[in-house]
Amino acid sequence: MRTLDDLEVEGKRVLVRVDFNVPLDRNQNITDDARIQAALPTLRELREKRARLLLAAHLGRPKDREPELSLRPAAERLSELLGEEVQLAPDLDHVPDGDVVMLENVRYEKGETKNDPDLAARYAALADVYVNDAFGAAHRAHASTEAVARLLPSAAGRLLEREVSTLRGILDDPERPLVAVVGGAKVTDKIGVLEAFLDRADAILIGGAMCFPFFKAQGHDIGDSLCEEEGVGPARELAGAEKIALPEDLVAGREFKADTERRELDGVDVPDGWMGLDVGADTAERYAGVIAEAGTVFWNGPMGAFELEPFAAGTRRVAEAIAAAPGTTVVGGGDSAAALAQFGLADKVDHLSTGGGASLELVEGKPLPGVEALS
Ligand code: 3PG
Ligand code: MG
């Protein structure tokens, strides 16, 4: 993969694809600017090398030019962080000539998600060289992430470079033991990841609602717990693997809300009328112990409904263990990042990936179109 070291940028107009797909509240205020912050090293380096920037990014999944999905809030935040004016181009035919310009949401353009070569050519006509720093969107073969990279001299930005080398590094040459902590709701989203870690990790600790397909396959009662039916078959195959650790106790609630009746279960059988919403204290303690001994930890997916305080303890305990772990700690995925932020631990891990889907696909060993196009 080519990097900024391989690209001549001085005095040039550089098209930089960034992932500024940030969460906004109802009033279009950015609630977490981590992805904008993460792009700053590349943008500052390019400015120091006297490049002129043309930024391209997407926000959400607009069907047409939905004004709520304008990149104006991102342009304003970037301007504050960079200490330079960032001009927003309303469309590709009206691009101002400033030193730092941002295109409107690339998904306002019809051909963007189709990787349309004509659209890519219009992007390319606006710049001399191309830098992709949008790790979070690198698993998409879109006109601004893939096709355009083939039309201009191109390279990875510092964020993309670090994400790829860190995530590949934990698979290729991890400090051992390598421990994967995998949670979240759906086991089918994570099968590729679980299989990749079955080959390489020393232990895989499972939490979140994705436990229930495993427990169902093992004949446990799951009550009203969220259980992905299509996951039961794959979970049955995986459950036998010695490396896979499942919870031994759970916390259940009547309903998926904070002010519901709550109950700590001794085992993993969930009574009728209850749903498992967190791993229990013994499980969290056991997982924390394994994490403390690890040479490398990869975490993706919460242990329970951490957004509801009565069911946050399992995820908090695991997050704290990862934050305190002496080994190398790598966290991928939006929900795990949100959990770390909620517990004030985001800066206590070695690498907090800006990618959700992209980090999972990379760990699964799938080629990322945005990365392939730079090689
Ligand atoms: C993300 O937030 O996962 C990335 O920005 C990619 O967005 P997408 O899933 O809409 O392609
Ligand atoms: Mg996504």
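Numbering of ligands and ligand atoms starts at 1, following listing order.
- Of the candidates L352, I170, V297, V297 is the only one forming a side chain to side chain contact (heavy atoms under 4.5 Å, CB included) with T329.
- Every atom of ligand 1 with a heavy atom of R107 under 4.0 Å away is listed here by number and element: 8 (P), 10 (O), 11 (O).
- Checked against a 3.5 angstrom limit, the closest N/O atoms of R61 and ligand 1 fall inside it.
- Under a 4.0 angstrom heavy-atom cut-off, G136 registers as being in contact with ligand 1.
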Go through the steps for E230 and K186 under the test salt bridge (Lys or Arg N to Asp or Glu O under 4.0 Å), then give the verdict.
CA-CA 9 Å; E230 315 81 86; K186 291 188 181 170; over 6 Å; no
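- Using a 4.0 Å cut-off to heavy atoms of D19, the atoms of ligand 1 that qualify are 4 (C), 5 (O).
- Ranked by closest heavy atom to atom 11 (O) of ligand 1, the top entry among R140, H142, H58 is R140.
- Residue N21 approaches ligand 1 through these ligand atoms, each under 4.0 Å from one of its heavy atoms: 1 (C), 2 (O), 4 (C), 5 (O), 7 (O).
- For residues 249-279, the set of pairs meeting the ring-ring contact (aromatic ring centres under 6.0 Å, His included) definition, not counting sequence neighbours, is empty.
- A donor atom on one side chain and an acceptor atom on the other are not found under 3.5 Å apart for E85 and S79.
- Residues passing the side chain to side chain contact (heavy atoms under 4.5 Å, CB included) test with D25, sequence neighbours excluded: N27, N29, T31.
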